[in-house]
Amino acid sequence: MIEAVDVVKAFTVRTRSGLLRRARTPLRAVDGVSFAVEPGEFVGYLGPNGAGKSTTIKMLTGILTATAGTLRVCGLDPSRRRTSLARRIGVVFGQRTTLWWDLPLRDSLTLVRRLYRVESGAHRARLAELTALLELEPFLDTPVRQLSLGQRMRGDLAAALLHDPELLVLDEPTIGLDVVSKATVRDFLARVNAERGTTILLTTHDLGDIERLCRRVMIIDRGRLAYDGGLDELRRTVSADRLLVVELASPAAPITLDGIENVRVEGPRQWLRLPRSANAAAVVAELARGHDVRDFSLREPGIEDVLAGLYRGDHEYWCSGRPVAP
Ligand SMILES: Nc1ncnc2c1ncn2[C@@H]1O[C@H](COP(=O)(O)OP(=O)(O)OP(=O)(O)O)[C@@H](O)[C@H]1O
C-alpha cells in the first residue's frame with residue numbers, strides 16, 4: 001500500500017546571521033526514511049515535535065515532492081499522480097478542516113461527492129452508513145463554522161471516507177477532543193480498519209490513540225526512523241526491565257548487587273535496574289541487610305516511559321533488545 005525507500009525531504013531555512021544578513025541553512029526534515037505498509041495494516045507514525053511526521057505525510061499525499069528516494073502509494077508516485085491518488089486515499093489533518101466553512105455539513109459532503117465523482121446511489125448508501133457510525137444526524141444541517149471541534153472532526157472523517165478510499169492518512173485526528181469524542185473517533189477508526197479493511201496511517205501525540213489502535217508503530221526522530229515494529233514488542237522489550245528506586249538514610253556509595261545495574265545515584269536516592277528474572281522482594285531484603293533503606297518504589301515502565309526515553313534519545317536506557325538504532 002505504501003512503499004518508501006530512502007526518502008529525503010530537504011528544506012532551506014533562512015536564519016539571521018548578522019544585523020542585516022540572512023544565511024540559508026539546509027535542513028533535512030526527512031533524512032533517508034524507508035518503510036513499507038501492507039494493505040489492512042493500522043500503523044502509528046510517532047515522534048517528537050519537529051521530527052518529520054507531517055513532512056512525510058505531505059509527501060505521501062503528494063502535497064510535497066521528495067528531494068530524493070522513491071515513494072509509491074497505492075502503486076502511484078504521489079507527487080506526479082496527485083489527482084489519481086486523491087481518488088484512492090483519504091486524508092484528515094486534525095488542525096485544519098477540508099470542509100466548506102459557510103456551508104451546512106450535508107452540502108459540504110455533497111461537494112466532496114462531486115469532487116471525487118462518486119455515483120449518487122453509492123454516495124447515498126455510504127453517507128447513510130457514515131452518518132449512523134459517526135452520529136452526524138443532529139448536525140448535518142449546521143454550517144461547518146458552527147460545529148464543535150469534535151463534531152467537525154467527525155464531519156472531516158466522513159468527508160475523507162465518502163469515496164471509500166483504500167488508505168486513510170490521519171494527522172493528529174484527536175487533537176483537542178474531549179475524552180468522549182476521542183473514544184467515538186477511536187472506535188470508528190478501529191471499525192473502519194477491521195470491517196472495511198481500510199489501511200490506516202495515524203500520526204498522533206496521544207498515547208491513548210496508540211494503545212487503542214496501533215499494533216505497529218514507526219517512530220521518527222530528527223528525520224530518521226528510530227523504531228519500526230510491534231507495539232507489543234516495544235512494550236515487552238521495555239517491560240523486560242523494571243526500575244527499583246531506593247531511598248537511603250543518607251548519601252552513600254553506589255550500591256552494587258550481582259546482575260543488577262546501578263543506573264543513577266542522586267544524594268540518598270539510587271536507581272537500580274532489575275531484569276525481569278530478578279525477584280524484587282529478595283533484592284529489597286538483601287538491600288535492607290546492608291543499607292539503611294528508608295523507602296523504595298518499583299517502577300514498571302509503560303509505553304509513556306518508552307516514548308519519552310526514545311524521544312530524549314536515551315533509548316538504550318530502557319530498550320535492551322530490538323531495533324531502535326537507526
Ligand atoms: N516548509 C518548510 N520550510 C522549512 N522547514 C520546514 C518546512 N516544513 C517543515 N519544516 C521543518 O522540518 C522539520 C520537520 O517538521 P514536521 O512538520 O514534519 O514535524 P512533525 O514531526 O510533524 O512535528 P509536530 O509533531 O510538531 O507536528 C521541522 O524542523 C520544521 O521546522
- Item | Arg215 atom CZ: more than 12 heavy-atom contacts under 6.0 Å | no

- Using the side-chain contact (heavy atoms from CB on, under 4.5 Å) rule, take Val118 and Leu162 through it: C-alpha gap first, then chi angles, then the decisive distance, then the call. CA-CA 8 Å; Val118 183; Leu162 264 179; 5.5 Å; no

- Query: Are Leu130 and Leu170 linked, directly or through other ILVMFWY residues, by side chains that come within less than 4.5 angstrom of each other?
  - Reply: yes

- For residues Gly150 and Ser181, report the shortest heavy-atom separation together with the two atoms involved. CA-OG, 4.2 Å

- Message: So which atom in Leu231 and which in Cys214 form the shortest heavy-atom distance, rounded to 0.1 Å?
- Response: CD2-O, 3.3 Å

- Is there a path from Ile89 to Val92 through hydrophobic residues (I, L, V, M, F, W, Y) whose side chains come within less than 4.5 Å of each other? no

- Item | Close side-chain approach of Val43 and Asp228, heavy atoms under 4.5 Å | no

- Task: Give the minimum heavy-atom separation between Ala160 and Pro165, together with the two atoms involved.
- Result: O-CG, 3.4 Å

- With rounding to the nearest 0.5 Å, note down the distance linking CG in Asp141 to CG in Asp107. 8.0 Å

- Message: Using side-chain heavy atoms (C-beta onward) and a distance below 4.5 Å, is Arg154 in contact with Phe188?
- Response: no

- Heavy-atom count around Phe296 CZ within 6.0 Å, excluding the residue itself: above 12? no

- Report yes or no: do Leu248 and Val265 belong to one cluster of Ile/Leu/Val/Met/Phe/Trp/Tyr joined by side chain heavy-atom distances under 4.5 Å? no

- Message: A side-chain contact here means heavy atoms from C-beta on lying under 4.5 Å apart; do Val245 and Arg269 qualify?
- Response: yes

- Task: Could you grab the distance from atom CZ of Arg145 to atom CH2 of Trp100, nearest 0.5 Å is fine?
- Result: 16.0 Å

- Any donor-acceptor N or O pair under 3.5 Å, side chains Thr98, Asp156: yes

- Say you draw a straight line from CG of Leu27 to CZ of Arg222; how long is it, rounded to the nearest 0.5 Å? 12.5 Å

- Task: Apply the test salt bridge (charged side-chain N to carboxylate O under 4.0 Å, His left out) to residues Glu247 and Arg294: give CA-CA distance (whole Å), side-chain angles for both, the deciding distance (0.1 Å), then the verdict.
- Result: CA-CA 6 Å; Glu247 181 99 34; Arg294 288 289 158 91; over 6 Å; no

- Shortest non-hydrogen contact from Ala281 to Asn279? N-OD1, 2.9 Å

- Task: Please check if the side chain of His205 supplies one atom and the backbone of Asn49 the other of a donor-acceptor pair under 3.5 Å.
- Result: no

- Query: Among Asp206, Asp209, Asp187, whose side chain to side chain donor-acceptor pair (under 3.5 Å) with Lys182 holds?
  - Reply: Asp206

- Message: I'd like to know if the side chain of Asn262 and the backbone of Leu272 have a donor-acceptor N/O pair within less than 3.5 Å.
- Response: no

- Task: Report the C-alpha distance between Leu274 and Ile260 in whole Å, list the side-chain angles of each, state the deciding distance to 0.1 Å, and finish with yes or no for side-chain contact (heavy atoms from CB on, under 4.5 Å).
- Result: CA-CA 6 Å; Leu274 300 193; Ile260 290 167; 3.8 Å; yes

- Query: In terms of hydrophobic clusters joined by side-chain contacts under 4.5 Å, are Leu167 and Leu115 together?
  - Reply: no

- CD1-NZ distance between Ile219 and Lys53, expressed to the nearest 0.5 angstrom: 11.0 Å

- Message: Closer than 3.5 angstrom, by distance alone: can the side chain of Asn193 be matched with the main-chain N or O of Gly40 as a donor-acceptor pair?
- Response: yes

- Query: Is the number of heavy atoms from other residues, nucleotides or ligands within 6.0 Å of CZ (Arg81) greater than 12?
  - Reply: no

- For Arg191, does the CZ atom sit with more than 12 other heavy atoms under 6.0 Å from it, leaving out its own atoms? no

- Message: Among Thr97, Leu177, Ile175, Thr184, exactly one meets side-chain contact (heavy atoms from CB on, under 4.5 Å) together with Met153. Which residue is that?
- Response: Leu177

Would you be so kind as to tabulate the donor-acceptor pairs closer than 3.5 Å made by side chains of residues 56-74, with sequence neighbours excluded?
{"residue": "Thr56", "atom": "OG1", "partner": "Tyr45", "partner atom": "OH", "Å": "2.8"}
{"residue": "Thr56", "atom": "OG1", "partner": "Gly52", "partner atom": "O", "Å": "2.7"}
{"residue": "Thr61", "atom": "OG1", "partner": "Ile57", "partner atom": "O", "Å": "2.8"}
{"residue": "Thr61", "atom": "OG1", "partner": "Lys58", "partner atom": "O", "Å": "3.3"}
{"residue": "Thr67", "atom": "OG1", "partner": "Ala10", "partner atom": "N", "Å": "2.8"}

- Query: Heavy atoms, side chains only, cut-off 4.5 Å: are Thr199 and Ile2 in contact?
  - Reply: no

- Query: Which pair of heavy atoms, one from Gly155 and one from Leu99, lies closest together, and at what distance?
  - Reply: C-CD1, 3.9 Å

- Do other residues, nucleotides or ligands put more than 12 heavy atoms under 6.0 Å from the CD atom of Glu172? yes

- Validation row: Thr110, Leu103 side chains within 4.5 angstrom (heavy atoms): no

- Message: Nearest 0.5 Å, please: how far is OG1 in Thr204 from CG in Leu46?
- Response: 7.5 Å

- Message: Would you say that Val284 contacts Leu298 through its side chain, given a criterion of any heavy-atom pair below 4.5 Å between the two side chains?
- Response: no

- Give a yes or no on whether Phe93 and Leu213 share a hydrophobic cluster (residues Ile, Leu, Val, Met, Phe, Trp, Tyr; joining criterion: side-chain heavy atoms under 4.5 Å apart). no

- Pair Thr203-Asp171, side-chain donor/acceptor within less than 3.5 Å: no

- Item | Exam field: side chain Gln270 to backbone Ile255, donor-acceptor pair closer than 3.5 Å | yes

- Message: Is the shortest side-chain heavy-atom distance between Leu189 and Arg212 below 4.5 Å?
- Response: no

- Query: If you round to the nearest 0.5 Å, how far is CG of Leu76 from CZ of Arg88?
  - Reply: 5.5 Å

- Task: Locate the shortest heavy-atom distance separating Glu38 from Met1; write the atom from each residue and the value.
- Result: C-CB, 4.2 Å

- Note on the structure: So the side-chain hydrogen bond (donor to acceptor under 3.5 Å, both in side chains) pairs with at least one residue in residues 115-139 (sequence neighbours excluded) are Arg126-Glu129, Glu129-Arg196

- Under 4.5 Å between any side-chain heavy atoms of Leu168 and Phe42, yes or no? no

